[in-house]
Number of protein chains: 2
Amino acid sequence: MSTTSKENYLKAIYNYQSLESDTATTSNLANYLNVSNAAISDMAKKLSDIGLITYEKYKGMELTSKGEKIALNVIRRHRLWELFLMKVLELKWSEVHDEAEQLEHHTSEALIDQIDKFLNFPDFDPHGHPIPKKNGLLPKYPKTLLLSNAELNRNYVFVRVNDRESELISFLTNLGLILNTNLTVKEKFSFDESIVVRINDRNISLSKKVSENMYVQLI
Amino acid sequence: MSTTSKENYLKAIYNYQSLESDTATTSNLANYLNVSNAAISDMAKKLSDIGLITYEKYKGMELTSKGEKIALNVIRRHRLWELFLMKVLELKWSEVHDEAEQLEHHTSEALIDQIDKFLNFPDFDPHGHPIPKKNGLLPKYPKTLLLSNAELNRNYVFVRVNDRESELISFLTNLGLILNTNLTVKEKFSFDESIVVRINDRNISLSKKVSENMYVQLI
DNA sequence: TTATAAAATTAAGCATGCTTAAATATATTT
DNA sequence: AAATATATTTAAGCATGCTTAATTTTATAA
Ligand SMILES: [Mn+2]
Ligand SMILES: [Mn+2]
Ligand SMILES: [Mn+2]
Ligand SMILES: [Mn+2]
């Protein structure tokens with residue numbers, strides 16, 4: 001019923017659904033999942049048939065409560081694995097996402113609950129994402145904004161990062177830019193939308209690509 | 001190239017190949033893997049085409065050194081996962097096999113090496129099976145025989161159990177029959193091939209089905 | 001040795017999850 | 001409001017890994 005592929009589609013739809021800035025369109029999902037638009041249309045029919053999304057041709061799709069429940073469960077497995085791999089098995093910050101991307105589809109309820117327990121029921125994964133609880137609810141997490149939207153000369157703390165590109169994570173690690181680092185935007189260049197941030201008395205230049213994948217919180 | 005299905009076939013072939021009492025025939029594999037004979041013939045062609053087994057129609061199949069290497073690698077992942085799940089995540093003796101059956105196909109080299117290291121490079125899994133080393137070699141392990149073939153009134157130690165049926169493992173657990181238990185066969189009944197074994201001053205009757213899945217070592 | 005039984009293979013077909021190319025619907029310009 | 005561009009869906013087809021039914025090969029018995 002819920003294969004690896006279907007789980008990934010549901011997660012992707014959830015992702016767009018929970019964004020206020022974007023929606024789960026066919027093209028968005030195709031791009032996100034690296035498949036053709038035709039594959040999305042195809043799967044939309046199937047997911048709709050089994051009651052996991054609502055779908056009207058040309059109008060887009062939405063998770064049903066059943067579909068959302070599955071999506072959150074997969075996300076829970078993903079994020080618990082990430083934290084476990086990092087804290088217990090010492091995998092790198094940049095490696096855990098790809099590994100979890102596989103494991104999330106092949107982990108029983110009993111196993112994931114043991115991992116949850118072993119980690120003492122954590123609220124956040126290594127990239128600052130909230131971990132859905134066994135009951136399906138997300139823990140409370142703070143309002144954040146993209147670093148690319150942060151204002152000049154105010155104090156922020158780096159609290160979350162998009163983990164889908166391991167290169168980016170490695171890059172940040174090399175810069176010493178780990179979660180919970182304090183920073184201030186000192187300059188913004190409009191010609192390439194790069195910025196200069198001050199971190200621990202060091203000025204670092206970050207491209208648009210980088211700053212729009214980092215989330216910060218005002219302090 | 002090497003999918004979940006192919007990995008399972010290679011493991012199954014390895015299994016029969018390493019048995020002196022049986023061989024990797026089409027029917028054996030079909031029965032072991034719970035698929036039709038036709039599926040085995042089909043896959044034999046494919047595995048042969050990609051150089052993982054040698055195969056002559058009606059004559060049977062054998063792993064090439066390339067195929068055996070993959071098989072041993074999957075077995076390594078399987079057994080390391082089993083031990084890790086039991087020792088670290090406290091899954092039950094009867095649960096770890098089914099869980100590992102999935103995880104073995106979705107674990108990177110980096111991760112399995114970390115698990116190996118975390119467990120301090122163990123030689124045996126929870127069911128007494130030797131764990132292939134990173135270099136592809138099996139650790140030395142003692143000569144054993146099936147409990148069903150053990151002689152009356154000699155002292156044996158229970159060292160290995162077939163882990164493919166979780167019901168059997170639960171059954172043994174309930175009897176207190178864990179690995180490294182000493183035992184003596186007191187009676188053998190020919191009419192149903194059941195036996196009576198003496199364990200810790202208790203006499204226990206075991207069916208043929210049970211005794212031919214337990215391996216013992218003479219002491 | 002020939003007949004029969006058992007084992008293995010081939011043939012045809014199905015589900016899943018993709019692809020590219022063609023068709024159609026929706027959005028944007030003029 | 002048409003014309004054009006963009007987004008989406010449909011059509012046809014492919015790979016993988018199965019199935020059942022038919023056929024062929026090999027093994028066993030008479
Ligand atoms: Mn992730
Ligand atoms: Mn993450
Ligand atoms: Mn096992
Ligand atoms: Mn085992």
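Reckoned from all heavy atoms, side chains included, excluding hydrogens, waters and symmetry mates. Reminder, nothing fancy here: chain letters follow the sequence lines and each chain counts from 1.
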Inset, instruction - Report the relative orientation of the aromatic rings in A:Y16 and A:Y32; use parallel for angles under 30°, tilted for 30 to 60°, perpendicular for over 60°. - result: perpendicular
Inset, instruction - Between A:K57 and A:K46, just flag the one whose closest nucleotide in DNA chain C comes earlier from the 5' side. - result: A:K46
Legend entry - Under-4.0 Å side-chain N/O to phosphate OP1/OP2 contact, A:T26 with D:dA7: no
Inset, instruction - Using atom CD of B:E7 as one end and atom P of D:dG17 as the other, report the distance to the nearest whole Å. - result: 11 Å
Inset, instruction - Take atom CD1 of B:I40 and atom P of D:dT19, then tell me their distance rounded to the nearest Å. - result: 9 Å
Legend entry - Minimum-distance nucleotide (side-chain atoms of B:K45 versus C:dT9, D:dG17, C:dT10): C:dT10
Inset, instruction - Provide, to the nearest angstrom, the distance between the CG atom belonging to A:N37 and the P atom belonging to C:dA23. - result: 18 Å
Inset, instruction - Could you check if a side-chain atom of B:H129 sits within less than 4.5 angstrom of a side-chain atom of B:F124, using non-hydrogen atoms only? - result: no
Inset, instruction - Examine D:dA7: is either OP1 or OP2 under 4.0 Å from a nitrogen or oxygen in the side chain of A:T25? Give yes or no. - result: no
Inset, instruction - Return no unless some side-chain N or O of B:Y58 is found under 4.0 Å from OP1 or OP2 of D:dT23. - result: no
Inset, instruction - Give a yes/no on whether any side-chain N or O of B:S27 is located under 4.0 angstrom from OP1 or OP2 of C:dA7. - result: no
Legend entry - Check ion pair B:K46-B:D42 (N to O, under 4.0 angstrom): yes
Inset, instruction - Examine distances only and state if a side-chain atom of A:N34 and a backbone atom of A:A30 form a donor-acceptor pair shorter than 3.5 Å. - result: no
Legend entry - Residue B:Y9, side-chain atoms from C-beta onward, closest of C:dT24, C:dA7, D:dC18: D:dC18
Inset, instruction - Return no unless some side-chain N or O of A:T3 is found under 4.0 Å from OP1 or OP2 of C:dG17. - result: yes
